[in-house]
Amino acid sequence: MEPLYQPGSVERRWQETWESEGLYLAGAGRRRDESFVICVPPPNVTGELHMGHALNGSIQDVLVRWHRMRGFDTLWQPGYDHAGISTQNVIEKQLIAEGTTRQEVGREAFLERTWRWLDETGRTIMGQYRRLGASLDYSRERFTMDEGYVEAVMTFFVRLWDAGWIYRANRIVNWCPYHQTAISDLEVEHVETDDMLSFVRYPFVEGDGGIAVATVRPATMLADVAVAVHPDDPRYRDAIGRELVVPVVERRVPVIADERVDPAFGTGAVKVTPGHDPMDFEIGRDHGLETLTVIGPDGRMIAPGFEGLEQKEADAKVVAWAEERGLVEKREPYRHSVGTCERCHSRIEPLVSPQWWCRMEGLAAPALEALRERRVRFHPESQHRFAIESLEQAPDWCVSRQLWWGHQIPIWACPDGHLTCAWPPPAACAECGSGELVRDPDVLDTWFSSALWPFATLGWPAETPELARYYPGDVNSTAREIIRLWENRMIFSGLFLLGGIPFTDVIIHSTVLAADGRRMSKSLGTGVDPMEPVEAHGADATRYGLLKISSTQDVRYAVGAIEEGRKLANKLWNVARLIVQQTEGVTPDARPTALEERWILARLDAARAAVEDAWARFDFASATGVLYHLTFDDFCDWYAEAVKPRLYDGDEDCRATALAALETLLALLHPLMPHVTEEIWSHLPGRTASLIVSPWPEPDGSHAASHDALERVKEAAQVFRRSGVAVELASEEERRVFAAVVRPERRRDGGDVDAERARLRKEIARAEGMLGNERFVANAPADVVDGERAKLERYRRELELLGS
RNA sequence: GGGCGGUUAGCUCAGCUGGUAGAGCGCCUGCCUUACACGCAGGUGGCCGCAGGUUCGAGUCCUGCACCGCCCACCA
């Protein structure tokens with residue numbers, strides 16, 4: 001064992017060993033009937049591990065390893081998401097770079113190419129999880145487009161259809177002109193954008209004057225079917241019911257009244273364009289207006305006379321036309337937020353198009369009940385409330401996407417237009433028996449399949465032994481932004497399809513921001529690859545650091561925390577060297593014969609309880625803190641220092657206990673820092689089984705009383721080190737420990753006695769002040785008052801020892 | 001515009017149901033003491049964002065204000 005712990009080679013070696021010896025497999029080390037199940041949030045097949053994954057992986061691995069040591073039948077389910085739009089984006093970019101398009105290549109060839117690319121280049125994240133030491137059961141890796149998984153997705157859709165919750169509707173959707181597909185509200189990213197706001201007057205058909213409207217998109221005037229004003233707006237009250245002429249197209253449109261119009265914005269009058277604006281679509285629907293379309297699926301104009309123009313060109317043409325006729329009142333710069341596609345950042349085009357929708361009431365109700373009854377609990381509590389609110393307000397789910405990469409919708413149409421929804425693929429139309437069926441070209445929203453992850457990975461809809469054993473699971477851990485997209489949908493689909501919740505606890509972990517507080521993002525260049533600290537400081541250190549900084553809110557990435565982890569690993573390694581070197585041929589055995597032995601066993605016991613409590617509350621930062629101070633302060637700086645002379649002397653009880661105490665320390669640290677603890681474990685005498693499947697330490701409350709005695713020694717040592725004055729100790733044992741810790745050769749004479757006296761006088765004055773306050777003594781809890789009395793007494797005693 | 005959270009030592013952050021402020025890093029002073037200089041011992045450093053209130057006592061509870069984040073939202 002070298003003095004400097006080198007994580008790199010050690011960690012890789014153990015990662016290979018653990019996996020090849022089957023210690024990551026579900027059920028490894030199982031000693032009891034209960035199971036503990038977590039499924040990893042399936043990362044995109046095309047993705048790389050980012051800091052959020054690394055934190056989340058650390059969280060899940062700690063819980064899995066802890067439960068495995070406690071004897072649970074653990075399963076940590078790995079796998080990937082096919083990530084419809086994201087993956088298709090990658091392949092489409094490649095095609096464009098090659099001078100072609102997906103349309104030219106064709107659907108079949110495109111899909112073939114995607115599969116080939118995935119096999120060659122995708123699926124890198126599970127390798128990175130391995131390097132982090134994540135003990136997933138890699139033998140069970142699943143993919144949302146696996147043959148069996150497709151069965152699950154199709155079955156889900158058919159069940160929804162049979163329940164009557166799937167319907168087709170022509171609605172205005174968020175249309176991405178680049179991907180040429182509808183995307184959900186949740187996939188739209190709003191960005192502040194600078195635009196021009198144009199005020200254009202629409203003349204009355206009869207009589208003079210007109211009404212001016214404000215618009216940032218003059219081109220959409222071509223599809224205007226009305227002008228709306230607020231019913232109570234005095235400026236326009238008389239205009240309601242009159243007709244206006246839309247410039248350029250010279251269409252006659254009515255002035256209508258609608259409460260959704262904000263009188264304070266612009267001119268207080270809104271042009272109504274149901275075909276190209278979400279609010280206008282609703283107003284149009286409610287007033288029975290026609291829906292006109294002047295923009296095509298590629299975002300270019302299709303209006304007569306404007307065909308093929310970019311919208312900006314069309315805007316200019318329309319404004320020019322109106323300006324020539326003196327209808328433009330003014331144009332001014334205007335900053336507002338514009339929806340963009342979160343994948344390609346194209347400006348979202350609100351377009352009316354036919355899509356498949358899923359009604360939410362029937363799905364949401366049981367999930368809401370489960371949340372309100374806390375059968376599923378989100379942590380922290382604020383996220384629990386958010387999950388409930390999101391479900392209460394969940395709008396119908398647009399499940400169709402005009403993509404190729406994904407699960408094609410299992411609906412077929414016959415020449416007469418009858419629809420058949422079935423799986424496996426039907427041979428004939430369910431209504432007329434026609435065999436000429438054409439399948440709907442759309443695919444399902446990616447989240448439609450992710451919603452099934454906790455049970456589709458276990459073989460559902462087949463009734464597999466895994467499903468019986470591991471469903472429902474226990475914990476799900478994920479990022480905040482995914483609560484509505486994923487968590488809520490897993491809960492309602494589990495309830496709908498299996499009649500039971502998929503897990504009981506949802507951990508919403510911190511978002512890891514860059515060190516300067518900005519978001520970690522590739523485009524900003526603020527991202528940090530988690531493999532960087534793993535290579536520099538080790539996987540153990542990285543896990544430690546990430547959990548140390550984690551909290552219930554966003555946190556800043558701090559290398560310092562990871563360096564602290566590296567120091568902890570090194571410290572542990574070295575104290576183990578000390579003990580291992582002095583205990584050749586000794587059998588570990590806790591023999592609490594001396595004070596320092598009893599004390600460290602009590603400290604280990606207390607730390608075990610604190611750590612268990614913190615893990616169980618998902619308070620990962622507290623747990624790392626407890627383990628850090630246990631190792632540095634208690635084990636190394638006090639216990640190891642106190643015990644050294646007896647260890648060198650060959651005291652058998654001391655040596656056997658030191659080994660036993662070290663073993664307990666290693667076990668407590670293992671879920672957090674598996675590699676360094678396993679490496680040390682392997683150097684201990686008589687060790688054959690891996691620490692992974694070794695039992696978690698049992699409670700042992702028998703030594704708690706030694707605490708006070710050692711605290712007295714600590715105080716005496718501190719006073720001595722500060723002032724050079726030796727405080728008298730009561731027992732032989734205490735004096736022995738004192739002598740071991742404050743070694744004679746290190747004693748220095750003198751010390752700053754005056755400073756120490758001044759400090760004590762100050763403390764005494766403070767305590768006397770408090771105890772002199774009658775109301776304090778009368779109202780404060782007894783232990784607080786007693787604590788102050790004890791402090792006061794001690795300070796006086798110490799002051800006396802220093803002499804005045 | 002709505003909702004949630006933050007403001008504590010130079011930096012990053014802990015402080016549970018109110019009891020008189022802590023950690024790590026940094027800085028200062030000693031130490032290469034045969035486990036570890038990725039170390040040991042000791043120390044410096046805070047009107048706990050601002051203003052009120054409740055209380056014997058307030059980072060801790062209440063009210064208002066000021067900044068800073070995040071999420072959500074159809075303001076043309």
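All chains are named by letter (A, B, ...) in the order of the sequence lines, taking the proteins before the strands, and each is independently numbered beginning at 1.
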Sidechain N-carboxylate O distance under 4.0 Å for A:Glu641, A:Lys644: yes

Enter the distance from A:Lys567:NZ to A:His537:NE2 here, rounded to the nearest 0.5 Å. 10.5 Å

What nucleotide among B:rA76, B:rC74, B:rU20 has an atom nearest to a side-chain atom of A:Glu788? B:rU20

Would you say a side-chain N or O of A:Arg721 is under 4.0 Å from OP1 or OP2 of B:rG42? yes

Does a nitrogen or oxygen in the side chain of A:Tyr334 sit under 4.0 Å from OP1 or OP2 of B:rA76? yes

Check every strand shown and say whether A:Gln718 touches a base, only sugar-phosphate, or nothing at a heavy-atom separation below 4.0 Å. sugar-phosphate

Tell me whether the rings of A:Phe738 and A:Phe720 are parallel (<30°), tilted (30 to 60°) or perpendicular (>60°). perpendicular

I'd like to know if A:Arg566 reaches the base of B:rC38 with its side chain such that a donor and an acceptor end up less than 3.5 angstrom apart. yes

Using a 4.0 Å heavy-atom cut-off across all strands, classify A:Leu4 as base, sugar-phosphate, or nothing. base

RNA chain B nearest-nucleotide lookup for A:Asp637 and A:Arg480: closer to the 5′ end is A:Asp637

Using 30° and 60° as the class limits, which term best fits the ring planes of A:Phe618 and A:His379: parallel, tilted or perpendicular? perpendicular

Looking for any heavy atom pair under 4.0 Å, which part of the strands does A:Tyr648 touch: base, sugar-phosphate only, or nothing? sugar-phosphate

Pick base, sugar-phosphate or nothing for A:Ser551, based on heavy-atom distances below 4.0 Å to the nucleic acid. sugar-phosphate

Just compare B:rG39, B:rC36, B:rG24 and give me whichever is closest to any side-chain atom of A:Lys567. B:rG39

Below the 4.0 Å mark, does B:rC4 have OP1 or OP2 next to a side-chain nitrogen or oxygen of A:Gln383? no

Within the pair A:Lys548 and B:rU12, is there a side-chain N or O less than 4.0 Å away from OP1 or OP2? no

Does A:Arg722 make a side-chain N or O approach to OP1 or OP2 of B:rG43 shorter than 4.0 Å? yes

Would you say A:Tyr544 reaches B:rC38's phosphate, i.e. side-chain N/O to OP1/OP2 under 4.0 Å? no

Rounded distance [0.5 Å steps], CD in A:Gln383 versus CD in A:Glu487: 10.5 Å

Quiz item: A:Glu641 side-chain donor-acceptor pair to B:rA35 base, under 3.5 Å: yes

Any A:Lys644 side-chain nitrogen or oxygen under 4.0 Å from OP1 or OP2 of B:rA35: yes

Atom CZ of A:Arg655 to atom P of B:rA35: distance rounded to whole Å? 13 Å

